[in-house]
K.L.:
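There's a structure below that I have some questions on.
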Amino acid sequence: MKTPVKSISDETFKSQHEVEVESAVINIKKKGQITLPVAFRTALGLEEDDQLEVSLEDGRVVLTPVITIAKDQAWFWKKEWQEGEREAQHDIDTGNVKSFTDVEDAIASLRNGE
């Protein structure tokens, strides 16, 4: 039986790595170590030192790829900041931007409400 294997929840990342792989039986080694088959690692775009979250769901062990974000960069990924990023990108995409020759012109535009 083929099972769709998907990467982390980000939809754009999913679309890059969504493939079908066969299920596999693996052995647990000393100290609880397992080897994730190459087909699974490839399907998920996993490389050495990538991190996986381990959880239990309905008696199953679930491994989910995660990305660790440095604490000093966490602000960028907060909902409010990402909404602002999307708004700015929309403005750029629709041409709703202005160019200025110098900082004085930019400040004058802001003061005039342009």
Side-chain angles (χ1 to χ4, degrees):
M1 175 179 171
K2 292 195 176 213
T3 305
V5 175
K6 298 179 183 175
S7 61
I8 56 180
S9 60
D10 177 30
E11 290 300 321
T12 57
F13 194 83
K14 273 186 186 178
S15 65
Q16 292 174 350
H17 297 287
E18 189 172 341
V19 296
E20 289 190 6
V21 295
E22 303 263 344
S23 62
V25 175
I26 58 176
N27 295 318
I28 299 175
K29 302 291 184 181
K30 291 181 190 177
K31 300 180 185 177
Q33 295 175 335
I34 64 170
T35 299
L36 195 59
V38 173
F40 288 82
R41 295 191 313 260
T42 302
L44 294 171
L46 294 174
E47 297 176 0
E48 185 174 2
D49 293 326
D50 283 353
Q51 296 180 328
L52 300 171
E53 174 187 34
V54 180
S55 59
L56 288 174
E57 295 180 12
D58 299 323
R60 295 173 179 232
V61 175
V62 178
L63 302 174
T64 306
V66 296
I67 296 173
T68 303
I69 299 169
K71 190 173 185 176
D72 65 345
Q73 297 175 9
W75 58 270
F76 183 81
W77 299 103
K78 293 190 180 211
K79 181 181 177 186
E80 296 81 12
W81 191 270
Q82 286 298 300
E83 287 172 356
E85 288 289 323
R86 282 189 290 280
E87 181 181 349
Q89 188 61 54
H90 176 74
D91 285 345
I92 292 167
D93 293 344
T94 59
N96 189 20
V97 294
K98 296 179 184 177
S99 296
F100 303 97
T101 56
D102 55 48
V103 71
E104 287 81 18
D105 286 346
I107 292 171
S109 176
L110 290 170
R111 287 188 175 142
N112 294 332
E114 296 177 15

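Only heavy atoms go into these numbers, but all of them, side chains included; no hydrogens, no water, no symmetry mates. What you see is a predicted model; the values in this text were computed from it and never measured.
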K.L.:
Starting from I34, can I reach L46 by hopping between I/L/V/M/F/W/Y residues whose side chains sit under 4.5 Å apart?
P.N.:
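Yes, same cluster.
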
K.L.:
When you look at R86 and Q82, which way does the side chain to side chain contact (heavy atoms under 4.5 Å, CB included) test go after all the steps?
P.N.:
CA-CA 6 Å; R86 282 189 290 280; Q82 286 298 300; 3.7 Å; yes

K.L.:
With distance as the sole test, does Q51 use its side chain to make a donor-acceptor pair with the main-chain N or O of I67 at under 3.5 Å?
P.N.:
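It does not hold such a pair.
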
K.L.:
Do I26 and T35 have side chains that approach each other closer than 4.5 Å (heavy atoms only, starting at C-beta)?
P.N.:
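No; the side chains remain at least 4.5 Å from each other.
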
K.L.:
Quick one: do V61 and L56 satisfy side chain to side chain contact (heavy atoms under 4.5 Å, CB included)? Show the steps, please.
P.N.:
CA-CA 5 Å; V61 175; L56 288 174; 3.9 Å; yes

K.L.:
Please answer: with hydrophobic residues joined when any side-chain heavy atoms are less than 4.5 Å apart, are L52 and F40 in the same cluster?
P.N.:
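They do share one cluster, since a chain of ILVMFWY contacts under 4.5 Å joins L52 to F40.
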
K.L.:
Distance check, rounded to the nearest 0.5 Å: R111 atom CZ versus E104 atom CD?
P.N.:
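The distance works out to 10.0 Å.
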
K.L.:
Go through the steps for I92 and Q89 under the test side chain to side chain contact (heavy atoms under 4.5 Å, CB included), then give the verdict.
P.N.:
CA-CA 5 Å; I92 292 167; Q89 188 61 54; 4.1 Å; yes

K.L.:
Which pair of non-hydrogen atoms, one from F100 and one from S109, has the smallest distance, and what is that distance?
P.N.:
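Smallest interatomic distance, heavy atoms only, reads CE2-CB, 3.5 Å.
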
K.L.:
Show the numbers, then the answer: is there a side chain to side chain contact (heavy atoms under 4.5 Å, CB included) between L44 and D50?
P.N.:
CA-CA 11 Å; L44 294 171; D50 283 353; over 6 Å; no

K.L.:
Over 60° means perpendicular and under 30° means parallel, so tell me whether W81 and W75 are parallel, tilted or perpendicular.
P.N.:
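Perpendicular, since the angle between the ring planes exceeds 60°.
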
K.L.:
First locate atom NZ of K71, then atom CD of Q73, and finally report the distance between them rounded to the nearest 0.5 Å.
P.N.:
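These two atoms lie 13.5 Å from each other.
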
